[in-house]
Amino acid sequence: EYTPRSKLKILCDHLKIQIRLKYRKKDQIDYLTYGKQYPKKINLCLLHNHYFLNEDNNFQLIEELIKNKSIFFNCFYY
């Protein structure tokens, strides 16, 4: 079930976290911050009513494999 943006403040106060939400507003990117200045901060993106964690990850290796399709596809045929 979708959690509307209007409920994020209640969620933040209950979990004692702060959420920084990145979303598209017409042709630009905008940010909203929910919750008080709690030590735990979470960056989220909102896309088509779905929230995604917005943080650095270790998917660069997968991106490199996809760029070099021969290596990527050979991994699945052995």
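For residues 3-27, every residue pair satisfying the salt bridge (Lys or Arg N to Asp or Glu O under 4.0 Å) rule, not counting sequence neighbours, is listed here: K9-D13.
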Residue pair Q18, Q37: steps toward the side-chain contact (heavy atoms from CB on, under 4.5 Å) verdict: CA-CA 6 Å; Q18 184 182 59; Q37 290 292 328; 3.4 Å; yes

Worked verdict on T33 versus I19 for side-chain contact (heavy atoms from CB on, under 4.5 Å): CA-CA 6 Å; T33 302; I19 293 177; over 6 Å; no

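Rounded to the nearest 0.5 angstrom, L46 CG and L32 CG are separated by 9.5 Å. Of the inter-residue distances, the one linking L44 atom CG with F52 atom CZ reads 10.5 Å to the nearest 0.5 angstrom. Rounding to the nearest 0.5 Å gives a distance of 15.5 Å between NE2 of H48 and OH of Y23.
The nearest pair of heavy atoms linking Y34 to C12 is O-SG, 3.6 Å.
The other residues sharing a hydrophobic cluster with Y31 are I29, where clustering joins ILVMFWY side chains under 4.5 Å apart.
In this structure, I42 and L53 have side chains that are in contact, with non-hydrogen atoms separated by less than 4.5 Å.
Under the side chain to side chain donor-acceptor pair (under 3.5 Å) criterion, Y38 pairs with no residue at all, not counting sequence neighbours.
Y51 places a side-chain N or O within 3.5 Å of a backbone atom of T3 that can act as its donor or acceptor partner.
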